[in-house]
Amino acid sequence: MFSIEQCGFHIQLVDSGRKFCQFLGNTQSGPMDWVSYHLANAIVNNLPEENSAALECIGELTLFAESTTTCSVTGACDDVFINDRKHKATDLLELKVGDRLRVPSTSFGLRYYVAFSGGIDAPKYYGSVCDVFKEQTGGLSGFGEGLTVGSRFTLLKPSSDRRSHVREATLNSSKLNARKRDALILQYLNMAKLFSSPIKIPLILAYQDARFTLAQKSLFFSDTYQVSPQHSRMGIRMSGRALHYAEKSLYSEGISNGSVQIAGDGQPMILLADRQTIGGYPKIGSVGGYGLARLGQVKTGDKIIFYPVSAEECRQQRLISMELLHQL
Amino acid sequence: MLHNDLELQVVAEDALLVCFANAKSCVGLPEQSQHTTLSLNDKNAMISSIFNHILNAKPTWLIDLTPAFETLLITYNIFLADQWLVKTYVRETLNELSKIGMSDTGRSPNALIRRIPVLYGGDDPSRPHDVSAVCDLHNISESALVTLHNSCSYKVYAVGFLPNFAYLGELSDKLNTPRLSSPRTKVPAGAVAIADKQTAIYPQQSQGGWHIVGYTPLSLDSSINKQSHHQNLHDQVAKITFKVGDTVEFFAIDDDEFVEIQQRENTYCAVK
């Protein structure tokens, strides 16, 4: 059993998201920053296909352990503390009965992930444990309200001792292994550039992009857009140069993760994990690959620049990333 | 149906949009065939038929499907499939369907007719609306707006955006209204709204960019009941669950009727 003793802004359960629910109007959900979510699970040896539930947190956290486990913290965090002893984020952390894990808030990024060996045990809704606040579904309670001070949870038993040799090697790390592991993690994080500035976001031109003239598109790709205060797991409203397009009525259609819709005021809005399933504003395309993870770490006032990519490039980024994690 | 009418657009790293916007029907021999643009109803029926087929087949790489008016969004697992595999799959599925004959009737056999009471306009500040803006835009009176909105019956073309949010069509051309230039951050539950040639009811509070013309006192929120282990705690089920193919009709009510129905709804939920 584990309990939350201190909670900053928001803590909720995430896994890689729901299936077969969008035709009912239920959102897909999933982690906002997939790079950090998958890394956190890989460090504690949870396999990607196990779709293990982890914590997605904004603000500081203190967790009290009433059982023993290994855990990891990734994303927007620097040093973490176990009973006031300092550890590096991305280390494999051992928690014993009575230990307190403390994650202070940081000046960079927004979200961090805490994963546990075996994953958090929670009921599934459309194949996923994700808290969806706007639908009041999912999570530990089933009502999507996330975790708060006093919330308690248990873990699933790790399914097998696969890769246990890796775990042993890491725990009793010979210097060489630790160095090799750190190099892999660094390589993985370097590709994603989660906290880089300026923030460059890859965009696949699609949907109604033909309604925008070449000149409008090139302005869109050369200008800087600022993250407005209206950003959440549903989406991010941006402000910057207004885009013009040919007014034409549009039948509402399915919205993919990362879709960038341009409302009548010409301002882009990026639709993310907890987005609506269907929408009718024209869309210029969709953000993919590392861009999605990077957007999970932006804050009000951050400036971003879009650049064009192909869907296949984005897919390749994901494949390469997962390949690296398999070597961990 | 001609295959070159079919647009398969890669819209995201993990999603393909099947689009029938330009689909035509083909009459006569191939050499001398005449092409007429399909009605929205026909296109929607074709979307339903592909949707049902793929949902039944559930290929391992499939993550989700989002059918809408004339499109179907297919979301797939990028570690198990790529765009070429999914495109091939869709083309093969269409071939199969055209062999067994794609359903071309817009109405499924168990479709229902739903009659929805609406208080058009109103002065309650907790229920904001755009009646005067819509009337000004189309240069019509408020009573003309009400008549135009509730004198015809609508078909459910898609369910989505929010749980139990039904896209209804098609609205009279005289009410064809663009979306708000910037979406509202809070649209109250029960809002009856219009956008382009569509109308809908917001089943729960949400953000939204449609022009609001009135409110229904009916409770349509289907998202509260779900998890079986919580049914005792929270056993509130919407009386009406919309399905694609259902027919919806609106009728006007006044303030008193609104309050009366609302009270009845609350009692129903408490008893249930």
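Convention: sequence-line order gives letters A, B, ...; per-chain numbering from 1.
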Quickly, which of B/Leu40, B/Thr71, B/Asp196 forms a side-chain contact (heavy atoms from CB on, under 4.5 Å) with A/Tyr251? Name it, please.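 Only one of B/Leu40, B/Thr71, B/Asp196 forms a side-chain contact (heavy atoms from CB on, under 4.5 Å) with A/Tyr251, namely B/Leu40.
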Option from B/Phe165, B/Tyr157, B/Trp210 for which side-chain contact (heavy atoms from CB on, under 4.5 Å) with A/Ser252 holds: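 The residue from B/Phe165, B/Tyr157, B/Trp210 that satisfies side-chain contact (heavy atoms from CB on, under 4.5 Å) with A/Ser252 turns out to be B/Trp210.
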Would you indicate whether A/Phe133, at its atom CZ, is surrounded by more than 12 heavy atoms from other residues, nucleotides or ligands within a distance under 6.0 Å?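 No, because the 6.0 Å sphere around CZ of A/Phe133 holds 12 heavy atoms or fewer from other groups.
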Under a 4.5 Å cut-off applied to non-hydrogen side-chain atoms, are [X] and [Y] in contact?
X: A/Arg315; Y: B/Gln83; value: no
X: B/Pro183; Y: A/Tyr281; value: yes
X: B/Val159; Y: A/Phe23; value: no

Relative to chain A, which segment of B/Ser182 carries a heavy atom at a distance below 4.5 Å: side chain, backbone, both, or neither?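 For B/Ser182, backbone and side chain are both near chain A.
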Part of B/Gln207 lying under 4.5 Å from any heavy atom of chain A: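 For B/Gln207, the contact with chain A is made by the side chain alone.
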Can you list the residues that meet the side chain to side chain contact (heavy atoms under 4.5 Å, CB included) rule with A/Ser228, with sequence neighbours excluded?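 With sequence neighbours excluded, A/Ser228 shows a side chain to side chain contact (heavy atoms under 4.5 Å, CB included) to A/Gln230, A/Arg237, given in chain and number order.
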Within residues 172-180 of chain B, which residues come under 4.5 Å of chain A, heavy atom to heavy atom?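 Checking residues 172-180 of chain B against chain A gives B/Arg179, B/Leu180.
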Counting a contact as any heavy-atom pair under 4.5 Å apart, which residues of residues 11-18 of chain B contact chain A?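 From residues 11-18 of chain B, the residues near chain A are B/Val11, B/Ala12, B/Glu13, B/Ala15, B/Leu17.
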Could you tell me which residues in residues 254-266 of chain A have at least one non-hydrogen atom under 4.5 Å from a non-hydrogen atom of chain B, sorted by residue number?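 The residues closer than 4.5 Å to chain B, in numerical order, are A/Gly254, A/Ile255, A/Ser256, A/Asn257, A/Ala263, A/Gly264, A/Asp265.
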To the nearest 0.5 Å, what is the distance between [atom1] on [X] and [atom2] on [Y]?
X: A/Leu24; Y: B/Asn164; atom1: CG; atom2: CG; value: 10.0 Å
X: A/Gln136; Y: B/Asp221; atom1: CD; atom2: CG; value: 7.0 Å
X: A/Lys134; Y: B/Gln205; atom1: NZ; atom2: CD; value: 12.5 Å

Which heavy-atom pair separates A/Ala311 from B/Val10 by the least distance, and what is that distance?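 Nearest heavy atoms, A/Ala311 then B/Val10: CB-CG1, 3.4 Å.
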Could you tell me which non-hydrogen atom of B/Phe161 sits nearest to which non-hydrogen atom of A/Thr277, and how far apart they are?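 Looking at all heavy atoms of both residues, the shortest contact is N-OG1, 2.6 Å.
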I'd like to know which of B/Phe51, B/Phe79, B/Phe242 tops the heavy-atom pair count under 4.5 Å against chain A.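 When all of B/Phe51, B/Phe79, B/Phe242 are compared, B/Phe79 has the most.
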Tell me which of these, B/Thr75, B/Thr66, B/Thr185, has more heavy-atom pairs under 4.5 Å with chain A than the rest.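 Highest number of heavy-atom pairs under 4.5 Å: B/Thr66.
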Given the ring of A/Phe20, does B/Lys58 sit roughly above its face, with NZ or CZ under 6.0 Å from the centre of the six-membered ring and within 45° of the axis?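 Satisfied, under 6.0 Å and within 45°.
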Donor-acceptor check, side chain of A/Asn26 to backbone of B/Pro163, threshold 3.5 angstrom: yes or no?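 Not confirmed, A/Asn26 side chain does not pair with B/Pro163 backbone.
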Which bit of A/Gln267 comes within less than 4.5 Å of chain B, counting heavy atoms only: side chain, backbone, both or neither?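 For A/Gln267, no heavy atom lies under 4.5 Å from chain B.
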Would you mind telling me which of A/Gln22, A/Arg18, A/Lys19 has the largest number of heavy-atom pairs within less than 4.5 Å of chain B?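 Result: the option with the highest number of such pairs is A/Gln22.
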